[in-house]
Protein chains: 4
Amino acid sequence: MPARHRRRTSGADGESRKRILDAAEDLFAARGFDATPTAAIATRAEVPKGLVFYYFPTKESILTTLIAERPSTEPLDDVAGLAVTGEPATALVNLDAALDRGGRRAMRTILWREADTHPAAREHLRTLRAYLQNVTVEVLRASAPLTAPARVLDSCATAWVAAMLSAAHIDRFRERDDRIEDLRGVARVVTAGLGALSTP
Amino acid sequence: MPARHRRRTSGADGESRKRILDAAEDLFAARGFDATPTAAIATRAEVPKGLVFYYFPTKESILTTLIAERPSTEPLDDVAGLAVTGEPATALVNLDAALDRGGRRAMRTILWREADTHPAAREHLRTLRAYLQNVTVEVLRASAPLTAPARVLDSCATAWVAAMLSAAHIDRFRERDDRIEDLRGVARVVTAGLGALSTP
Amino acid sequence: MPARHRRRTSGADGESRKRILDAAEDLFAARGFDATPTAAIATRAEVPKGLVFYYFPTKESILTTLIAERPSTEPLDDVAGLAVTGEPATALVNLDAALDRGGRRAMRTILWREADTHPAAREHLRTLRAYLQNVTVEVLRASAPLTAPARVLDSCATAWVAAMLSAAHIDRFRERDDRIEDLRGVARVVTAGLGALSTP
Amino acid sequence: MPARHRRRTSGADGESRKRILDAAEDLFAARGFDATPTAAIATRAEVPKGLVFYYFPTKESILTTLIAERPSTEPLDDVAGLAVTGEPATALVNLDAALDRGGRRAMRTILWREADTHPAAREHLRTLRAYLQNVTVEVLRASAPLTAPARVLDSCATAWVAAMLSAAHIDRFRERDDRIEDLRGVARVVTAGLGALSTP
DNA sequence: AATGAATGAGACTTCATTCAT
DNA sequence: AATGAATGAAGTCTCATTCAT
């Protein structure tokens with residue numbers, strides 16, 4: 001006997017809509033988009049099946065909405081605050097922590113998994129990468145004592161972004177502590193490299 | 001009008017089996033496992049639908065077989081040969097090229113996409129990562145003129161592996177040339193860092 | 001040209017579900033469970049194929065539901081009323097007629113055919129047999145003038161139940177009239193035996 | 001890797017044929033005809049799949065052959081020997097034992113299960129029933145001291161055949177000992193009835 | 001705005017049977 | 001006489017989506 005959904009007096013408007021998106025985010029991340037039936041989304045959201053299609057014309061549009069409305073990383077409002085003058089390595093690690101704090105783990109999983117198939121995800125990823133690169137350059141510039149050529153700064157940022165993304169995505173099955181320890185080491189190497197390639 | 005398959009008298013042995021695996025590899029990489037119907041595999045392999053299940057009891061087992069039989073990266077038989085004494089940055093870039101040459105791009109795409117859902121893929125990825133880390137350490141040791149503490153070498157390798165994987169996987173939608181240019185820069189930073197953190 | 005089903009707005013509640021069970025009952029009885037495609041059930045029920053699985057998650061569950069919901073024999077509400085004092089043979093024949101009237105022929109066919117393979121059917125059959133045995137004992141006790149030892153009554157009931165089941169199941173391919181004629185003879189023998197083994 | 005069947009030097013001719021029939025008999029009895037794939041028959045017979053169709057043009061013909069060649073009950077060669085003058089009840093129980101000894105349990109299971117769908121099985125069952133009826137009459141006539149009218153003898157035989165078939169088929173899920181105990185009781189009732197309805 | 005029965009295309013898989021060797 | 005790869009029709013089941021209420 002299917003659990004009747006008592007006519008939800010829709011506390012705040014759009015309450016159901018949010019529940020649907022929440023459910024979809026969880027399920028898409030856990031099983032993948034293709035392997036998630038809309039019926040499962042409705043069940044987990046505790047709304048009737050029909051309501052899903054009332055809010056979203058297609059299953060695809062649930063994904064699109066998720067990508068559009070739920071940032072994988074909140075824009076950092078105080079990049080300068082992350083800098084630690086004279087200790088760029090610490091600053092980099094801070095940056096990773098701040099980004100990790102701000103974002104939605106599930107959304108990142110979804111974005112990468114679906115990037116091959118859904119242009120919106122691909123596009124989002126491109127933007128994200130560029131943003132990370134810029135922020136990293138900023139943090140390094142504000143923290144490193146020396147002047148480095150733009151190209152060197154860029155390469156350092158590329159290395160660090162790769163390390164962060166690797167830790168978050170590729171190494172997502174490893175223990176969190178191990179990943180952070182690895183990141184510290186990489187930060188040291190990158191900033192040492194930055195120092196060596198800068199003019200005093 | 002369905003293309004009748006004239007009874008293919010198994011020209012070479014295992015010919016059909018190979019065709020099926022080839023087709024699956026291509027399609028899984030292009031659309032993802034879930035989005036690839038077994039019928040599409042049969043069509044692309046130019047074998048009748050039933051034959052797919054003659055060789056592989058389930059769709060899942062096609063994926064498992066692919067992961068077991070088709071290495072994402074051939075083991076490098078001459079790691080030492082990649083070293084360039086005194087020029088570790090060049091050596092690193094060589095390493096990336098060698099790995100890229102040896103492996104199957106499609107398999108890598110598949111492995112990462114399905115890692116969340118298929119344990120076999122996850123396991124394979126773990127092994128791959130460890131292998132890359134080891135090889136990178138070897139190459140650096142053989143190329144760098146100075147003695148670096150093990151921890152530093154490890155961190156450098158971690159950084160480089162992250163860069164290679166990033167370039168191959170995360171940045172797979174960018175132009176190939178751009179990615180290689182980026183890798184060169186990262187190699188320079190990493191080796192500079194290695195030098196700075198080593199004892200002369 | 002596939003018969004489009006105009007969207008049947010569930011006239012009476014559970015209407016479609018009943019149609020599906022009806023169709024399944026007929027077809028399972030006629031061809032057997034294994035030989036009945038779910039598509040045939042849908043066609044006969046005049047519902048779209050998908051609806052069958054909306055109501056029943058698996059084909060097996062259609063059978064289980066049938067066994068659970070559709071009695072092969074209605075419980076007799078007036079056993080005493082079947083008794084004919086002094087004429088136990090007549091009473092026995094009455095009993096058979098009453099049971100035959102109350103029950104669903106198709107369900108019995110299904111139950112016996114699937115008993116080897118479906119535990120639910122086997123269990124149901126066991127219960128049915130015990131019920132028939134009890135009812136027969138009651139009818140005999142109420143109709144026979146003499147006092148018979150419990151063991152004798154039991155054996156008479158066993159004989160009669162065997163005869164009824166044989167007539168209904170094993171001899172189901174013979175003419176109905178022949179079977180009834182046979183039953184009358186058996187009733188006479190059994191009650192004569194009962195008389196002979198009773199104390200006056 | 002499929003178990004290669006070493007080219008059986010076909011010890012006695014028809015060895016494979018027998019193995020196939022044996023396997024089919026077991027499997028049809030256990031799972032039913034429809035639920036038994038020809039591949040399973042080949043596997044259990046330890047012959048290659050193709051060989052099944054070398055000996056039998058269709059799956060159906062395996063069943064037909066089984067029914068034609070493998071009697072569910074061997075014809076009793078010494079019916080008279082079963083009689084026990086003056087103790088018809090004992091004689092009846094002897095008869096059941098003799099029949100049970102002679103026959104193939106599996107074949108009986110198959111025959112009843114497939115009777116609804118396969119005419120050959122139905123026909124065989126009809127013949128079997130008639131045979132049992134005749135033999136029972138013979139045994140009773142040879143054992144009972146009194147002369148009974150033919151109709152009474154017939155009814156007694158019908159009752160006994162029903163009891164035997166019930167015990168063998170309908171009660172096949174009960175304990176064997178219980179069934180035999182029941183049969184003894186029924187034999188007593190039937191012979192008592194026979195006595196009561198006979199003229200001295 | 002909300003609901004859940006209804007719909008049918010299509011997915012994976014099974015299997016009797018064929019046939020070149 | 002024997003073999004096992006090949007074939008395709010058909011079966012069970014899933015699911016996005018529609019729609020009357």
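Every heavy atom of this structure was used, including side-chain atoms; hydrogens, water molecules and symmetry mates were not. Order of the sequence lines sets the chain letters (A, B, ...), proteins ahead of strands, with each chain counted from 1.
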Query raised in the report: Taking for each residue the nucleotide of DNA chain F bearing the nearest heavy atom, is the 5' side occupied by C:Ala39 or by B:Val52?
Result: B:Val52
Report task. Could you work out which one of E:dT17, E:dA2, F:dA6 sits closest to the side chain of D:Thr38? Result -> E:dT17
Query raised in the report: So which nucleotide from E:dG10, F:dT3, E:dT13 ends up closest to the side chain of C:Lys49?
Result: E:dG10
Report summary line: With sequence neighbours left out, the residues meeting side-chain hydrogen bond (donor to acceptor under 3.5 Å, both in side chains) with B:Asp26 are B:Arg44
Query raised in the report: Looking only at heavy atoms, what is the nearest atom pair of D:Arg172 and C:Ala115, with distance?
Result: NH2-CB, 4.3 Å
Report summary line: D:Pro37 has its side chain closest, among E:dA16, E:dA6, E:dA2, to E:dA16
Query raised in the report: What pair of heavy atoms forms the shortest contact from B:Ser61 to B:Thr65, and how long is it?
Result: O-OG1, 2.6 Å
Query raised in the report: Where is the tightest heavy-atom contact between A:Leu63 and A:Phe33, given as atom of each residue plus distance?
Result: CB-CE1, 3.8 Å
Report summary line: From the candidates E:dC12, E:dC15, F:dA6, the one with an atom nearest any side-chain atom of B:Phe53 is E:dC12
Query raised in the report: Can you check whether B:Leu125 reaches B:Glu114 side chain to side chain, under 4.5 Å on heavy atoms?
Result: no
Report summary line: Ordered by number, residues from residues 57-66 of chain D within less than 4.0 Å of DNA chain F (heavy atoms) are none
Query raised in the report: Are B:Arg126 and B:Glu123 ion-paired here, with the side-chain N under 4.0 Å from a carboxylate O?
Result: yes
Report task. Could you check C:Phe33 against B:Gly50 and say which one's nearest nucleotide on DNA chain F is further toward the 5' end? Result -> B:Gly50
Report summary line: Nearest-nucleotide check on DNA chain E, C:Arg17 vs B:Thr36; residue mapping nearer the 5' end is C:Arg17
Query raised in the report: What's the CG-C1' distance between D:Leu27 and E:dC15, to the nearest Å?
Result: 15 Å
Query - Carboxylate-amine/guanidinium contact A:Arg113 A:Asp34, below 4.0 Å - result: no
Query raised in the report: Taking C-beta and beyond as the side chain, do B:Lys49 and B:Thr38 meet within less than 4.5 Å on heavy atoms?
Result: no
Report task. Measure up the D:His169 and D:Trp112 rings against each other and bin them: parallel (under 30°), tilted (30 to 60°), perpendicular (over 60°). Result -> parallel
Report summary line: Intra- and inter-strand pairing of DNA chain E, written as dot-bracket with Watson-Crick and G-U pairs under 3.5 Å and | for the latter, reads .||||||||||||||||||||
